[in-house]
Amino acid sequence: ATYTITQQDIAAGGIVNTAVASGTPSDGAGNAIPGLDPVTDISDDPNDSTDTTPVGAASPADPTPTPLTRTPELRVTKTAAAFVSTPAAIGDEIVYEIIVENTGNIDLATISLADTLTSADGMPLSLTSGPGGPVESGVTDGVLSIGETFTYAATFIVDQQAINAGGVDNTVVATGDPVDESGTPIDGLPDAFDTSDDPADATQSDPNGDGNPGDPTSVPLVRAPELT
């Protein structure tokens with residue numbers, strides 16, 4: 001027999017199967033033999049040593065389980081479009097695009113973003129706006145389904161602190177809660193999270209050690225000390 005796995009099965013962490021076989025005693029011509037009751041047996045998984053025998057049964061009847069690995073996972077990229085003059089000037093604008101993709105096999109909800117913006121010398125800065133969104137690539141339901149992306153936008157208006165430091169660095173950590181098909185949180189599964197990576201940066205550093213690149217999104221600002 002075959003069975004096609006559904007998303008509900010994955011969210012549950014597996015499937016369990018049993019079979020009940022029944023037969024009626026018959027003679028060589030296929031006729032029921034009077035006085036003999038039909039016989040029935042419930043399937044047993046020979047790989048399960050529990051050997052539980054149901055009440056009234058003559059033999060073990062352990063169900064046959066198939067565990068399914070659940071992997072809540074997401075990936076985040078962050079790119080910058082810098083509308084910056086040369087040399088940089090107060091009021092120049094940097095527009096950030098954040099894309100969060102569900103790369104696991106479990107739907108995710110309650111997506112949250114923790115954004116960190118600093119000057120190039122590590123001093124804290126604040127975004128001027130955002131992150132705003134998301135724009136969902138699939139159904140607009142607040143659930144980041146498998147393979148779906150959420151896109152957010154944020155901006156920073158360049159100030160003197162950023163110019164003095166020679167640039168700004170930005171990262172974001174996205175987190176999502178594993179949910180089943182009805183949007184109900186799945187107990188026992190950790191949240192999915194990832195630190196953003198700048199796909200334009202070939203360094204491919206992994207600052208949090210999760211096995212995925214997490215290069216900050218850096219925008220240099222040209223400084224021009226000058227006297228007249």
Side-chain angles (χ1 to χ4, degrees), residues 1-77 99-112 136-150 173-195 197 204 206-214:
T2 61
Y3 174 74
T4 300
I5 293 171
T6 67
Q7 185 57 41
Q8 181 180 356
D9 300 328
I10 296 173
I15 55 177
V16 178
N17 185 232
T18 60
V20 178
S22 301
T24 301
S26 61
D27 58 23
N31 301 309
I33 300 175
L36 292 182
D37 294 330
V39 293
T40 301
D41 188 48
I42 302 173
S43 63
D44 180 60
D45 183 355
N47 296 317
D48 188 336
S49 60
T50 308
D51 287 343
T52 302
T53 302
V55 176
S59 59
D62 299 315
T64 303
T66 302
L68 301 172
T69 301
R70 297 175 291 183
T71 309
E73 185 178 76
L74 51 78
R75 294 288 178 268
V76 189
T77 59
I99 298 177
V100 181
E101 180 181 5
N102 185 341
T103 55
N105 65 354
I106 294 291
D107 292 341
L108 302 171
T110 320
I111 304 299
S112 62
E136 304 184 30
S137 65
V139 177
T140 304
D141 57 3
V143 175
L144 185 61
S145 302
I146 299 162
E148 186 180 11
T149 60
F150 281 10
V173 176
T175 305
D177 299 330
V179 296
D180 62 21
E181 288 186 307
S182 67
T184 302
I186 300 174
D187 292 335
L189 283 184
D191 291 346
F193 68 92
D194 188 45
T195 301
D197 180 60
Q204 302 292 288
D206 182 13
N208 63 355
D210 66 354
N212 303 305

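Atom CD of residue Glu148 and atom CG of residue Leu74 lie 12.5 Å apart, to the nearest 0.5 angstrom. Rounded to the nearest 0.5 Å, atoms CG (Leu108) and CG (Leu144) are 5.5 Å apart. In this structure, Ile33 CD1 and Leu36 CG are separated by 5.5 Å, a value rounded to the nearest 0.5 Å.
For the side-chain hydrogen bond (donor to acceptor under 3.5 Å, both in side chains) with Ser59, the lone residue among Asp41, Asp44, Thr53 that qualifies is Asp41.
Every residue was checked against the side chain to side chain donor-acceptor pair (under 3.5 Å) condition with Thr71, not counting sequence neighbours, and none meets it. Residues satisfying the side-chain contact (heavy atoms from CB on, under 4.5 Å) criterion with Asp141, sequence neighbours excluded, are Glu136, Val139, Val143. Checked against side-chain contact (heavy atoms from CB on, under 4.5 Å), Ser182 has the following partners two or more places apart in sequence or in another chain: Asp180, Thr184. In this structure, the side chain to side chain donor-acceptor pair (under 3.5 Å) partners of Ser137, at least two apart in sequence or on a different chain, are Thr149.
Residue pairs that meet the salt bridge (Lys or Arg N to Asp or Glu O under 4.0 Å) test with at least one member in residues 48-73, sequence neighbours left out, are Glu73-Arg75. The side chain to side chain donor-acceptor pair (under 3.5 Å) pairs that include a residue from residues 12-24 are Ser22-Thr40, where partners are two or more places apart or lie in different chains.
For Glu181, the CD atom counts as densely surrounded, since its 6.0 Å shell holds more than 12 non-hydrogen atoms of other residues, nucleotides or ligands.
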Could you please spell out the steps behind the side chain to side chain contact (heavy atoms under 4.5 Å, CB included) verdict for Ser145 and Asp107? CA-CA 5 Å; Ser145 302; Asp107 292 341; 3.8 Å; yes
Go through Gln7 and Ile106 one step at a time and tell me if the side chain to side chain contact (heavy atoms under 4.5 Å, CB included) criterion holds. CA-CA 8 Å; Gln7 185 57 41; Ile106 294 291; 4.2 Å; yes
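Contact of the Ile15 side chain with the Tyr3 side chain is registered, since non-hydrogen atoms from C-beta on lie closer than 4.5 Å. Under the 4.5 Å side-chain criterion, counting only non-hydrogen atoms from C-beta, Ile10 is in contact with Ile5.
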